[in-house]
2 protein chains.
Amino acid sequence: MARFTDDYLLYLLAQASHRASAEFHARLAGQGVAVSTWRILATLYPDSPATIGELARSCLAKQPTMTRQVARLEAQGLVKRRMAEGDRRRVVVRLTEKGRNMAAGLAAQARAHEMRLLAGLGEEAAARLKETLRGLLSEKGGSA
Amino acid sequence: MARFTDDYLLYLLAQASHRASAEFHARLAGQGVAVSTWRILATLYPDSPATIGELARSCLAKQPTMTRQVARLEAQGLVKRRMAEGDRRRVVVRLTEKGRNMAAGLAAQARAHEMRLLAGLGEEAAARLKETLRGLLSEKGGSA
DNA sequence: GATCATATGATGCAATTTCATATTTCGGCG
DNA sequence: CGCCGAAATATGAAATTGCATCATATGATC
C-alpha cells in the first residue's frame, strides 16, 4: 500500500517548499549567510521597516527567536532598531546601508534562482502556482 | 515600494506551507503530539518501513536529529528499529501496533483537515495545486 | 483619571537541533 | 584476502529554539 503522505497536501507543500529552497539555501551557506538572516533581510528589502512581531510572522519564527536574531543582525550592523512613534511597546527594525547592500546582492541571486525554477515549470503553471498559493494565504488571514 | 518577498516564489511556498499547517499543528499540540512525531508516524503509516536516512529526508530533518527522534519514539513504544537484512549499516524503522493505532487516529484528523482546506480552494484548483507540487518534487529528484 | 485586560518585546532556562566527527559496514579492486 | 573510498548511523559538544514568564505600554471602561 502507498504511503499516507504520498497524496497529503500538507506534506506535498512542505516537501516542495523544502526542496525548492534547498539549492538556494546551499548557495547562501556558501557565502556564510544563515537562512534566518536572509529571511529578515528579504522581508525588510528594499525599504520596508517591520516590527519584531511582523518579522517573526514573516520569517516563520517565534517572537523570542526573532528578538535574538535581530539583536545579532544589529550587532553586525545590518539592521537598526528604533522605538515606534506613538507606541513605545513596538520596536521597528529597518535595514542599514550595509544591510541594504547585502540584501540587494542576495535578492538578485534569489531572483535568478527563481527564474530557473519557474522555467522548469513552464510559464502558465508557474503563474497558476503563485496565484493558488496567494489564494491559500489570503484565505488564512492577512499579510504578515 | 512593495516588499521583495511579496512576489517571491520560495517565500510564498514557505508561507503557504506554514500557514496551511498551522491549524493542524495546533490540533496536534492539543493532543500532546509533536509535529516531528506526527511526521514520522505519517511517513511509516500504514505499513511502510523506512530507514533513518529516508525518514530524515521525508521529515525535513537532518540525520542526527532523526536518529534521536526515532530513539524517543522507540522508547515510547510507537516504533521499533531493526537491522536491515543484507546491509547491517541500515536501520529499518517500522510502526508498532500501538504506533499504528496512534497514526490511524491522527491520519483521519489530517484527512478531515485537508478536506476543509481543499474545499476552500475549489476542486479544480486543488487538483492542479497537488499536480504542480508533485511536478516540482519529481523535477528535483527522487521520492523520499 | 484609576483600573484592568490586552498587546508587545525581553529574558531565564530546558529541550531540541545541528555541526563535526567517529564507528561500522559495504562494495570494488588488485 | 586485504585495502580503500563511500555509505549509513551514532554521538559529543555547541548553538539555536521555544516555552513560560516578566516588564512595560496601551486602550477601554467606569
Side-chain angles (χ1 to χ4, degrees), chain A residues 14 18 21-22 25-26 28-40 43-44 49-76 78-94 141-142 144, chain B residues 14 18 21-22 25-41 43-44 49-76 78-94 141-142 144:
Chain A
H18 189 81
S21 298
H25 288 178
L28 289 175
Q31 298 167 71
V33 178
V35 172
S36 56
T37 298
W38 156 240
R39 284 190 173 149
I40 294 172
T43 299
L44 300 177
T51 67
I52 298 283
E54 288 165 349
L55 277 177
R57 281 184 291 278
S58 176
C59 300
L60 315 180
K62 305 294 182 195
Q63 173 266 311
T65 301
M66 187 50 61
T67 290
R68 283 158 173 142
Q69 286 176 343
V70 166
R72 277 172 233 162
L73 292 201
E74 187 172 40
Q76 297 172 47
L78 295 172
V79 305
K80 60 188 171 192
R81 298 154 34 103
R82 170 192 301 186
M83 202 177 64
E85 318 229 344
D87 188 340
R88 277 174 300 183
R89 291 171 302 181
R90 290 191 164 101
V91 172
V92 176
V93 183
R94 66 189 66 219
Chain B
H18 190 82
S21 297
H25 288 178
R27 198 186 179 88
L28 289 174
Q31 299 166 73
V33 179
V35 172
S36 56
T37 298
W38 156 241
R39 285 190 172 147
I40 294 172
L41 296 181
T43 299
L44 300 178
T51 67
I52 298 284
E54 288 164 349
L55 277 177
R57 281 185 292 279
S58 176
C59 300
L60 315 181
K62 307 293 183 197
Q63 173 267 312
T65 302
M66 187 51 62
T67 290
R68 283 160 170 140
Q69 285 177 344
V70 166
R72 278 172 233 160
L73 292 201
E74 186 172 39
Q76 295 172 48
L78 295 172
V79 304
K80 60 187 171 193
R81 298 153 33 102
R82 168 192 302 186
M83 202 177 65
E85 317 229 345
D87 188 342
R88 276 173 302 185
R89 291 172 302 181
R90 289 192 164 101
V91 172
V92 175
V93 184
R94 66 189 64 218

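Numbers restart at 1 for each chain; the letters A, B, ... are given by sequence-line order, proteins then strands. Predicted, not measured: the structure shown is a model, and the values here were computed from it.
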Which heavy atom in [X] sits nearest to a heavy atom in [Y], and how many Å separate them?
X     : Y     : value
A:E74 : A:R81 : OE1-CD, 2.8 Å
A:I52 : A:M66 : O-CG, 3.6 Å
A:L44 : A:V93 : CD2-O, 3.6 Å
B:V92 : B:A84 : CG2-CB, 3.7 Å
B:T43 : B:C59 : OG1-SG, 3.9 Å
B:V70 : B:V79 : O-CG2, 4.1 Å

* **Sequence-aligned protein contact record of nucleotides 21-27 of chain D, with B where the base is within under 4.0 Å of a protein heavy atom and S where only the sugar-phosphate is** => ----BS-

What is the separation between atom [atom1] on [X] and atom [atom2] on [N], rounded to the nearest whole Å?
X     : N      : atom1 : atom2 : value
A:K62 : C:dA10 : NZ    : C1'   : 17 Å
B:R90 : D:dA10 : CZ    : C1'   : 16 Å
B:L60 : C:dT18 : CG    : C1'   : 15 Å
B:E85 : C:dT25 : CD    : C1'   : 16 Å
B:E54 : D:dA7  : CD    : P     : 15 Å
A:R57 : C:dG9  : CZ    : P     : 8 Å

* Using a heavy-atom cut-off of under 4.0 Å over every strand shown, decide if B:T51 touches base, sugar-phosphate, or nothing. => sugar-phosphate

* NE2 on A:H18 to CZ on B:R57, rounded to 0.5 Å -> 11.0 Å

* **Reported CZ-to-CG distance for the pair A:R39 and A:L28, which is rounded to 0.5 angstrom** =>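 It comes to 10.0 Å.
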
Hey, what are the protein-to-nucleotides 12-16 of chain C N/O distances that come in under 3.5 Å?
from, atom 1, to, atom 2, distance (Å)
C:dG12, N7, A:R68, NH2, 3.2
C:dG12, O6, A:R68, NH1, 3.4
C:dG12, O6, A:R68, NH2, 3.2

* For the pair A:Q69 (side chain) and A:S36 (backbone), establish whether a donor and an acceptor sit closer than 3.5 Å, ignoring hydrogens and angles. => no

* At under 4.0 Å, does any side-chain N or O of B:R81 touch on OP1 or OP2 of D:dA10? -> yes

